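Everything below concerns the one structure shown next.
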Amino acid sequence: MMLRSADLAVTRLYAVEVSGWDSKDHFFVERCKLEWDEESSKQVALTRALGKNTLLLVRLLEEAESDRSHAVVYEAEFVGKTKRGRQQFRLNAVVPS
């Protein structure tokens, strides 16, 4: 029996630091997990609400702080709430025009 590639989709979790402006125009920095899989792309769950088309800076947290990664810009798309009441967002790549 052959497995289809969809059956092999793996979800990975990464510790990240997310920053930007929330729906009340307050700047925030929040650490959370980035959920990354081939089907749903990249998603984060935040404690705060965001405005529509909010841009976020997402930085991968490395175990060795001397190897700090660079932040990547994403547009946040609201997809719902988690069971714990966090705001779930899909991260869409921002393409410079």
Side-chain angles (χ1 to χ4, degrees):
M1 177 177 167
M2 285 185 60
L3 293 175
R4 295 175 292 153
S5 62
D7 295 334
L8 300 175
V10 176
T11 299
R12 294 194 170 107
L13 294 176
Y14 298 95
V16 294
E17 181 179 81
V18 177
S19 58
W21 284 265
D22 65 15
S23 61
K24 296 179 181 179
D25 287 331
H26 295 122
F27 183 77
F28 71 93
V29 178
E30 187 172 328
R31 289 183 177 203
C32 63
K33 296 289 184 188
L34 169 73
E35 183 179 306
W36 188 347
D37 69 38
E38 294 176 10
E39 292 180 12
S40 66
S41 189
K42 299 174 185 130
Q43 292 191 18
V44 293
L46 302 174
T47 60
R48 62 194 69 240
L50 302 178
K52 190 172 180 165
N53 303 320
T54 297
L55 295 180
L56 297 175
L57 295 170
V58 179
R59 184 175 65 83
L60 183 64
L61 295 174
E62 301 291 330
E63 291 192 20
E65 285 297 321
S66 61
D67 295 332
R68 295 178 68 90
S69 66
H70 298 283
V72 178
V73 179
Y74 290 99
E75 182 179 55
E77 176 187 348
F78 181 75
V79 293
K81 286 190 176 184
T82 67
K83 291 178 183 176
R84 293 185 173 182
R86 291 178 173 259
Q87 306 285 317
Q88 186 83 25
F89 297 94
R90 180 176 296 117
L91 300 178
N92 299 313
V94 174
V95 180
S97 53

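What you are looking at is a predicted structure, and each value in this text was computed from that prediction instead of being measured.
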(request) Tell me whether Val44 is reachable from Tyr14 by hopping between hydrophobic residues (I, L, V, M, F, W, Y) whose side-chain heavy atoms are closer than 4.5 Å. (result) yes

(request) Could you pull out the closest heavy-atom pair between Val16 and Leu60, with the gap in Å? (result) CG1-CA, 4.2 Å

(message) Using side-chain contact (heavy atoms from CB on, under 4.5 Å), reason through Leu50 and Leu56 one step at a time and then give a plain yes or no.
(response) CA-CA 10 Å; Leu50 302 178; Leu56 297 175; 3.9 Å; yes

(request) Drop me the distance from Leu91's CG to Gln43's CD, to the nearest 0.5 angstrom. (result) 8.0 Å

Let me check something: any side-chain donor-acceptor pairs from residues 71-81 under 3.5 Å, sequence neighbours excluded? List them with distances.
{"residue": "Tyr74", "atom": "OH", "partner": "Lys42", "partner atom": "NZ", "Å": "3.2"}
{"residue": "Glu77", "atom": "OE1", "partner": "Asn92", "partner atom": "ND2", "Å": "2.9"}
{"residue": "Glu77", "atom": "OE2", "partner": "Arg90", "partner atom": "NH1", "Å": "3.3"}

(request) With rounding to the nearest 0.5 Å, note down the distance linking CZ in Arg12 to CG in Leu34. (result) 12.0 Å

(request) Return the minimal non-hydrogen interatomic distance between Gln88 and Ala45, and the atom names on each side. (result) OE1-CB, 3.6 Å

(request) Could you list who else is in Trp21's hydrophobic cluster, with ILVMFWY side chains joined at under 4.5 Å, directly or through other members? (result) Phe27, Val29

(request) For the residue pair Leu55 and Val94, establish whether any side-chain heavy-atom pair is separated by less than 4.5 Å. (result) yes

(request) Please test Val18 against Leu46 for side-chain contact (heavy atoms from CB on, under 4.5 Å), starting from the C-alpha separation and ending with a verdict. (result) CA-CA 9 Å; Val18 177; Leu46 302 174; 4.3 Å; yes

(request) Evaluate side-chain contact (heavy atoms from CB on, under 4.5 Å) for Phe28 paired with Thr47, printing each intermediate quantity in order. (result) CA-CA 10 Å; Phe28 71 93; Thr47 60; over 6 Å; no

